[in-house]
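Below you'll find the structure, written out as structure tokens, and then a few comments.
In the text below, chain A, chain B and the rest are named by the order of the sequence lines, each starting its count at 1.
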Protein chains: 2
Amino acid sequence: MFAAEIAAPRTRFGAGTIVATPSALDRTMGAGSVRRLESKEHVFCEGDPRRHVFRIEEGVVAIYKTLNDGRRQIVDFAYPGDLIGLGTLKEHVLSAQTTCEAKVRCLSAATLEREAENDPELALKLYKSVSQELAATRSLLVSVGQRSAIERVSLFLLSLYRRPGAHEDTAVHLSMLRSDIADLLGLTIETVSRTLTKLRTMGVIELQQGGTVVTLADLARLTSLANE
Amino acid sequence: MFAAEIAAPRTRFGAGTIVATPSALDRTMGAGSVRRLESKEHVFCEGDPRRHVFRIEEGVVAIYKTLNDGRRQIVDFAYPGDLIGLGTLKEHVLSAQTTCEAKVRCLSAATLEREAENDPELALKLYKSVSQELAATRSLLVSVGQRSAIERVSLFLLSLYRRPGAHEDTAVHLSMLRSDIADLLGLTIETVSRTLTKLRTMGVIELQQGGTVVTLADLARLTSLANE
DNA sequence: CGAATGATTGACCCCCTTCAAAAGCGGTGG
DNA sequence: CCACCGCTTTTGAAGGGGGTCAATCATTCG
């Protein structure tokens with residue numbers, strides 16, 4: 001079923017991104033053009049030449065890898081402020097696709113790297129950005145490798161809740177489908193759905209707006225279910 | 001490294017293709033002392049102040065996280081040439097423990113970071129080191145999240161085989177216990193053992209020296225079982 | 001040898017997957 | 001307004017892959 005999505009024509013950006021400011025990463029990024037993306041549009045695909053680095057301005061982008069038989073593992077959701085497409089190789093080894101409407105800022109990868117060669121501050125920012133991403137990926141790996149379904153889902157909900165500026169009170173908006181959550185957590189759609197239902201039955205969460213909004217009714221209990 | 005598809009062989013500092021001339025990193029590391037470690041000795045523990053960065057000189061070090069109930073996930077095996085202990089935080093968030101006798105070179109984390117602030121070349125090396133580690137961790141995450149036991153074990157054996165200088169002909173030495181492999185792959189000891197037995201019964205591998213040496217008798221078949 | 005550690009093998013079971021169907025939920029058009 | 005359609009989510013029933021528990025075997029070392 002994902003085969004259809006993945007095989008579908010890819011939408012990519014034109015090449016008109018110029019970044020020429022010196023020094024700090026923030027100023028460099030400020031010069032990039034912003035693109036608006038529909039839900040499920042690709043930012044880049046595995047095998048594409050790595051021309052740009054992108055900063056998420058709005059929405060969510062799933063970074064994922066697909067196996068030859070269609071199985072998919074999302075390795076990260078990128079949220080506003082996150083950089084995606086960093087790396088040392090000439091080609092992307094992962095794909096990036098929006099899970100909802102989104103806006104991303106395009107930066108020239110070559111320019112960024114050239115500037116980093118003369119700007120230790122910028123280079124250190126890239127280092128720290130990737131270090132944090134590594135920490136997040138390791139954390140996800142621990143979940144997928146060791147935790148049960150209810151622990152994974154609980155922890156995922158908590159991670160959404162803890163993301164700065166992501167919630168009013170205790171309600172979090174799921175900006176992705178069940179299939180995206182499943183492919184992040186190494187579960188199936190059905191298990192994610194059943195687990196959410198179980199949490200609802202237990203009175204730990206409430207589901208609203210057709211399951212796209214989750215109210216964390218009992219944070220303490222949810223935390224305990226997540227098992228730290 | 002468990003980096004079948006994504007990561008190229010890890011860059012060795014001081015002898016890499018990135019920079020041929022002696023850099024601040026090389027000089028810094030040259031000044032570090034080398035510690036000899038017994039099997040199962042800790043290099044650092046979760047919560048320890050992050051005073052040093054270590055470069056593996058010999059042996060294998062498991063980087064892992066333990067949950068409060070004892071479950072353990074190894075997020076990486078570090079081999080000679082690899083740097084461990086990099087990061088942005090003041091304390092280690094993971095533990096590091098040898099899986100066999102090993103030697104590590106100790107570098108001052110503070111010195112490294114201070115020099116990186118004035119040396120973009122060094123900062124970029126750190127960036128690239130972490131980027132490659134990120135790629136390897138993502139690759140492992142895909143395995144743990146999506147692959148079956150036989151695929152995981154096959155891919156793990158192949159990753160050992162592909163590591164530069166790790167094998168004579170088709171024999172690879174397992175420098176870690178079944179429990180280490182299990183905790184890396186998100187399986188149990190028993191499943192790892194059963195899967196190796198199955199591979200042996202299929203004629204794909206041979207086990208020698210009490211299961212510490214594996215001969216990859218049918219590389220093509222093993223690759224196909226790994227499913228890329 | 002005998003104890004300790006690790007690996008293998010067996011039996012059983014459970015969590016999650018798989019397959020299948022039904023139910024929501026928007027959109028669109030008559 | 002409602003019927004219809006596509007997409008997503010939910011729910012059900014059945015089965016399997018890997019976990020758990022436990023016994024046996026192998027290797028090392030005192």
Side-chain angles (χ1 to χ4, degrees), chain A residues 1-5 8 38-40 67 69-73 99-101 143-154 156 173-201 205-214 225 227, chain B residues 38-40 62 67 69-73 99-101 143-154 156 173-202 205-214 225 227:
Chain A
M1 80 166 131
F2 293 112
E5 286 176 24
E38 297 302 314
S39 182
K40 294 183 190 170
L67 303 187
D69 58 5
R71 283 175 286 177
R72 181 176 79 143
Q73 178 68 43
T99 66
C100 60
E101 293 186 7
S143 273
V144 172
Q146 300 298 328
R147 295 187 201 274
S148 67
I150 199 164
E151 289 173 324
R152 292 184 219 183
V153 171
S154 298
F156 172 70
H173 185 80
L174 300 184
S175 308
M176 66 286 293
L177 302 180
R178 296 289 185 268
S179 56
D180 296 318
I181 300 173
D183 288 346
L184 179 82
L185 301 180
L187 300 170
T188 60
I189 302 175
E190 295 92 328
T191 299
V192 171
S193 179
R194 271 187 260 266
T195 304
L196 287 171
T197 301
K198 180 184 283 184
L199 287 171
R200 182 169 51 76
T201 308
I205 64 171
E206 289 164 20
L207 294 173
Q208 286 128 353
Q209 297 183 34
T212 62
V213 170
V214 181
L225 285 167
N227 198 15
Chain B
E38 295 303 313
S39 184
K40 295 182 189 169
L67 303 187
D69 57 5
R71 284 175 286 178
R72 178 175 82 141
Q73 178 68 41
T99 65
C100 58
E101 293 187 5
S143 272
V144 173
Q146 300 299 327
R147 295 188 200 271
S148 66
I150 199 164
E151 289 173 324
R152 291 184 220 183
V153 172
S154 298
F156 172 69
H173 185 80
L174 300 183
S175 308
M176 65 286 293
L177 303 179
R178 298 289 185 270
S179 56
D180 297 318
I181 300 174
D183 288 346
L184 178 82
L185 301 180
L187 300 170
T188 59
I189 302 174
E190 295 92 329
T191 298
V192 170
S193 180
R194 270 187 262 267
T195 305
L196 287 172
T197 301
K198 180 183 283 185
L199 288 171
R200 182 168 53 75
T201 307
M202 294 166 72
I205 65 171
E206 289 162 20
L207 293 173
Q208 285 128 354
Q209 294 183 33
T212 62
V213 170
V214 181
L225 285 168
N227 199 15

Please determine whether a side-chain nitrogen or oxygen atom of [X] lies at a distance below 4.0 Å from atom OP1 or OP2 of [N].
X         : N       : answer
Lys40(A)  : dT8(D)  : yes
Thr191(A) : dC16(C) : no
Thr188(B) : dT20(D) : no
Ser148(A) : dC15(C) : no

If you check the Leu187(B) side chain, which of dT9(D), dG19(D), dG6(C) turns out closest?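 Among the listed nucleotides, the one closest to the side chain of Leu187(B) is dG19(D).
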task: Could you tell me whether Lys40(B) and Asp180(B) make a salt bridge, using a distance below 4.0 angstrom between a side-chain N and a carboxylate O?
output: no
**Prompt:** Rounded to the nearest 0.5 Å, what separation is found between the CZ atom of Arg200(A) and the CD atom of Glu206(A)?
**Reply:**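 Going from CZ on Arg200(A) over to CD on Glu206(A), the span is 10.0 Å.
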Here the gap from Thr99(A) atom OG1 to Asp183(A) atom CG, rounded to the nearest 0.5 Å, amounts to 12.0 Å
Rounded to the nearest Å, what distance is computed from the [atom1] atom of residue [X] to the [atom2] atom of nucleotide [N]?
X         : N       : atom1 : atom2 : result
Leu185(B) : dG19(D) : CG    : P     : 11 Å
Arg71(A)  : dT18(C) : CZ    : C1'   : 14 Å
Leu196(B) : dT9(C)  : CG    : C1'   : 14 Å
Leu177(A) : dC25(C) : CG    : C1'   : 13 Å
Ile189(A) : dC16(C) : CD1   : C1'   : 14 Å
Gln209(B) : dG6(C)  : CD    : C1'   : 16 Å
Leu174(A) : dT9(D)  : CG    : C1'   : 12 Å
Glu190(B) : dG10(C) : CD    : P     : 14 Å

Q: May I ask you to verify whether the side chain of Arg200(A) and the base of dT11(D) hold a donor-acceptor pair under 3.5 Å?
A: no
Is there a donor-acceptor pair closer than 3.5 Å between any side-chain N or O of [X] and the backbone N or O of [Y]?
X         : Y         : answer
Ser154(B) : Ile150(B) : yes
Gln73(A)  : Leu184(A) : yes
Arg152(A) : Leu187(A) : no
Gln146(B) : Gly186(A) : no

With nearest nucleotides of DNA chain D determined for Gly210(A) and Arg194(A) from heavy-atom distances, which residue corresponds to the more 5′ nucleotide?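 It is Gly210(A), whose closest nucleotide lies nearer the 5' terminus.
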Give one of base, sugar-phosphate or nothing for Ile150(A), where a contact means two heavy atoms less than 4.0 Å apart.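 Touches nothing.
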Sugar-phosphate only, base, or nothing, as touched by Ser193(A) at under 4.0 Å among non-hydrogen atoms:
base
The bend of the helix from dC1(C)-dG30(D) to dG30(C)-dC1(D), taken between the axes of its five terminal pairs at each end and rounded to 10°, is 30°
